[in-house]
Amino acid sequence: MAAAVTQGIGATAALSSANSNKFQFTTRRSLSERKGSSIVIRSDGNPRAGLNQHSNSTRQLVTNAVSTKPESAAASTVSKPGHELLLFEALREGLEEEMDRDPHVCVIGEDVGHYGGSYKVTKGLADKYGDLRVLDTPIAENSFTGMAIGAAMTGLRPVVEGMNMGFLLLAFNQISNNCGMLHYTSGGQFKIPVVIRGPGGVGRQLGAEHSQRLESYFQSIPGIQMVACSTAYNAKGLMKAAIRSENPVILFEHVLLYNLKERIPDEEYVLNLEEAEMVRPGEHVTILTYSRMRYHVMQAAKTLVNKGYDPEVIDIRSLKPFDLYTIGNSVKKTHRVIIVEECMRTGGIGASLTASINENFHDYLDAPIVCLSSQDVPTPYAASLEEWTVVQPAQIVAAVEQLCQ
Amino acid sequence: MAFSATTKIIQPMCINSARSPDKSDTCTKLLSPSSFLGSNNKLFSINKTISPLSRRSATVVAVSSDVVKKKKVESNPASNLLITKEEGLELYEDMILGRAFEDMCAQMYYRGKMFGFVHLYNGQEAVSTGFIKLLGNRDCVVSTYRDHVHALSKGVPARAVMSELFGKTTGCCRGQGGSMHMFSKEHNVLGGFAFIGEGIPVATGAAFTSKYRREALKEDCDDVTLAFFGDGTCNNGQFFECLNMAALWKLPIVFVVENNLWAIGMSHLRATSDPQIWKKGPAFGMPGVHVDGMDVLKVREVAKEAITRARRGEGPTLVECETYRFRGHSLADPDELRDPAEKAHYATRDPITSLKKYVMENSLASEAELTAIEKKIEEVVEEAVEFADKSPVPARSQLLENVFADPRGFGIGPDGKYRCEDPKFTEGTAQL
């Protein structure tokens, strides 16, 4: 079916009526035309699974690309040893590779240039590419996000950095009205290949406004995609995929994960934006999570394994749209679902996911879905209160125990 | 001749021949594209405060045809007119098209062929024609919800715009945009925005691309962007933020304020602490110019300067066009607040009548030629309506197209296939 997909460019044209602009799998086409040895990584590494067929069969697949071990995240089993780096460096590597590859890729944000980014994701890039390709903006989120959108409409591929995701609330007008909408209201004439990225989530006593969990706010906007990275490996892969995507993508990073160290492959790789990542296969219960909560879940998993449970942990990665295939397969296997997220309870990603799973996989569930979200409070400053705001491993363990009774 | 933003803080545009075009400007030295993306205003003396006296004496200068005529004598000895016959006829035709089209829109609206919010441009044609007719195809135009005529001036066919208003699939946006969202990739019309102020950053981005192409990609690019918006928008944050960024980076953009004195029912004077909008340009380091927006020739002269400035890489200009809309804010607006005397006054300054008078008085064209144009446009507009009437409404299958440029964004379904590969997807019946 790989052939079918790459032929799909023609097939879908037949499905649709005359307008040939509709289904342009340009990303895929360009991947196959690229000369370097690059790989498209399947999330569960299973060559026989249906999704496998989306990758080009002429390219070498790395199976078991994602570790099946609970703690370590060794990402490479190819012959080359790979190199170790921190998550923020992985993001930078991905960004740099894309900027090398396509001179239309540029970075726009506050302090991204000379300062190197408030979390050093863009360090050194201004020296290499100049002040125009790595643009230090004045403090005007709404306008520079709109500017990125206008630039994207006229041929550039901007990466907008929100110094903190919370600042993007100021850009909400542009993100909601223009970013998501313009491709549609222009009848498909203008595409908006922007990437909007930045750190969010609850940090260490950063106070309420710098500790926002905004994924849910952007969720309903039609026309955008949202992904959340959690390891150096998927950070780089998702960054590259987001830049190459013709759709506007919001990439959620987490303040506390920037210093995660990991060994990633030397050769180039791009991950799939719409796929979830199998972190730990299991039999008893499906735990769906993303971003920082992945680590709380894995910590809980250690305890659970010692107690004799076998949780299956999936990092959903794609917050919009959900990868219902990976999630569905898991539900069909374990029949129990716990969602662990940092988003707020009300209207959060977990809430949407619960609804989605209920709609699609109701028959496979043996118990109601349990959704562990952070409290519906503005993140308090005090360390103890902050700790109770987000879901802790102990709560996850308790929830699994209760669910699996 | 260039606008000088650096020698004086408020500089009304000097067009009399005292300033010869050959005098080298301190501007050009400063304003050459440099690698430093920041304010170059070293000569900007902070000590030169604007005393209340100087504010009063820095009079609002309107470009008067007589003065400009004098200037033209220098540069074009063969004729002492501002325009040639061809230009005159082109301008006339464009303004007649704008007027006839908008009048037809009103008719069609009341006959139930189009719905929603429709904002007509009657009376403001001089601004659109004056500016946009100077642009090339690659230059971009960004507008607001009052965008029909901007699209028409830029070259979008009348039938495409009318179809869009009727909500047909042959519209310029496939019927998906409507009156307030006119887009055209072919003619570089970047919208059509319903929220005011929203288009200004997009225009700034298009200008940024032009600069990027020239400086980062080393392409031969001098595309200019025009951002049109109203007096109400000039109190919005996005306006100020973009003035700052455009001036900071010397972006090739012209900010055109269509000051028709009213934002729905809010008079400009009731909403704005300092109603002289052109003054806000120099506050950010760009020239601010006020022009009579009911006179297409004056607008055109100012536009030429501003656009040339931008093309040369000297940065943005803020042009305030004093204009007026003859109809209400939209077709749903009863228009009760405006003083009939004010309306009557501006009716005497109808830009089309003024141009017709100029053309005839200067024997640029005969009455017959002008009437022929009017007839031609009448036919164009009628044909546009016929075309729109006959065009098909969008099918259900169109509903989900164009949400994503890459439809894989709809995600992977439970069966492992991408949703967009589901045959029901094109039918619009797929569950998402």
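What you see below is based on every heavy atom in this structure, not just the backbone, and it leaves out hydrogens, waters and symmetry mates. Note that this is a predicted model, so its numbers are computed, not measured. Chain identifiers are assigned alphabetically (A, B, ...) following the order of the sequence lines, protein sequences preceding nucleic acid strands; residue numbering begins at 1 within each chain.
Thr185(A) has its side chain out of reach of Gln176(B): every pair of non-hydrogen atoms, C-beta onward, lies at least 4.5 Å apart. Contact annotation: the side chain of Gln174(A) approaches that of Gln238(B) to within less than 4.5 Å [non-hydrogen atoms, C-beta and beyond]. For the pair Phe183(B) and Leu182(A), the minimum side-chain heavy-atom distance is below 4.5 Å. Side-chain atoms of Lys320(A) and Phe410(B), non-hydrogen and from C-beta on, never get closer than 4.5 Å to each other. Arg213(B) is listed as a side-chain neighbour of His104(A), based on a closest heavy-atom distance under 4.5 Å. Side-chain atoms of Arg133(A) and Tyr212(B), non-hydrogen and from C-beta on, do get closer than 4.5 Å to each other.
Distance check: Glu198(B) CD to Ser143(A) OG gives 11.0 Å after rounding to the nearest 0.5 Å. Note: Phe190(A) CZ to Lys185(B) NZ = 5.5 Å, rounded to the nearest 0.5 Å. In this structure, the separation between OG1 on Thr204(B) and CE on Met147(A) is 7.5 Å, given to the nearest 0.5 Å. Arg408(B) CZ to Leu273(A) CG: the interatomic distance, rounded to the nearest 0.5 Å, is 8.0 Å.
Asp127(A) is linked by a salt bridge (charged side-chain N to carboxylate O under 4.0 Å, His left out) to nothing, counting only residues two or more places apart in sequence or in another chain.
Contacts of Ile224(A) with chain B are made by backbone atoms alone, with heavy-atom separations under 4.5 Å and no side-chain atom involved. Both the backbone and the side chain of Thr137(A) come within less than 4.5 Å of a heavy atom of chain B. For Val142(B), no part sits under 4.5 Å from any heavy atom of chain A, backbone or side chain. In this structure, chain A has no heavy atom under 4.5 Å from any part of Ser210(B). Heavy atoms of Phe322(A) lying under 4.5 Å from chain B belong exclusively to its backbone. The contact between Phe193(B) and chain A is made entirely by side chain atoms (from C-beta outward), counting heavy-atom distances below 4.5 Å. Leu217(B) touches chain A through its side chain: at least one heavy atom from C-beta onward sits under 4.5 Å away, while N, CA, C and O do not.
When Lys191(A), Met181(A), Gln225(A) are compared by the number of non-hydrogen pairs under 4.5 Å with chain B, Gln225(A) comes out ahead. Each of Gly328(A), Ala140(A), Ser186(A) has some count of heavy-atom pairs under 4.5 Å with chain B, and the biggest count is that of Ser186(A). Across Asn247(A), Thr154(A), Ile192(A), Leu324(A), the residue that shares the most heavy-atom pairs under 4.5 angstrom with chain B is Asn247(A). When Pro193(A), Pro222(A), Pro138(A), Gly113(A) are compared by the number of non-hydrogen pairs under 4.5 Å with chain B, Pro138(A) comes out ahead. Ranked by heavy-atom pairs under 4.5 Å with chain A, the first of Ala395(B), Gly237(B), Ser184(B), Gly192(B) is Ser184(B). For the options Cys140(B), Gly191(B), Cys172(B), Ala203(B), heavy-atom pairs under 4.5 Å to chain A are most numerous at Cys172(B). When each of Asn360(A), Ile327(A), Asn173(A), Ile149(A) is checked for heavy-atom pairs under 4.5 Å with chain B, Asn173(A) comes out on top.
The two residues Gly411(B) and Pro321(A) have their closest heavy-atom pair at CA-CG, 3.2 Å. Of all heavy-atom pairs spanning Tyr184(A) and Leu399(B), the tightest one is OH-O, 2.8 Å. When every heavy atom of Tyr325(A) is checked against every heavy atom of Pro414(B), the shortest pair comes out as CD1-O, 3.2 Å. For the pair Asn402(B) and His183(A), the tightest heavy-atom approach, listed with the atom from each and the gap, is O-ND1, 2.7 Å. Heavy atoms only, all atoms of each residue included: Phe208(B) and Leu135(A) are closest at CE1-CD2, 3.6 Å. In terms of heavy-atom proximity, Gly187(A) sits nearest to Arg174(B) at O-CD, 3.3 Å.
No more than 12 heavy-atom neighbours from other residues, nucleotides or ligands sit within 6.0 angstrom of OH on Tyr364(A). Heavy atoms of other residues, nucleotides or ligands lying less than 6.0 angstrom from CZ of Phe240(B) number more than 12.
Under 3.5 Å, the side chains of Gln189(A) and Glu186(B) contain no donor-acceptor pair of N or O atoms.
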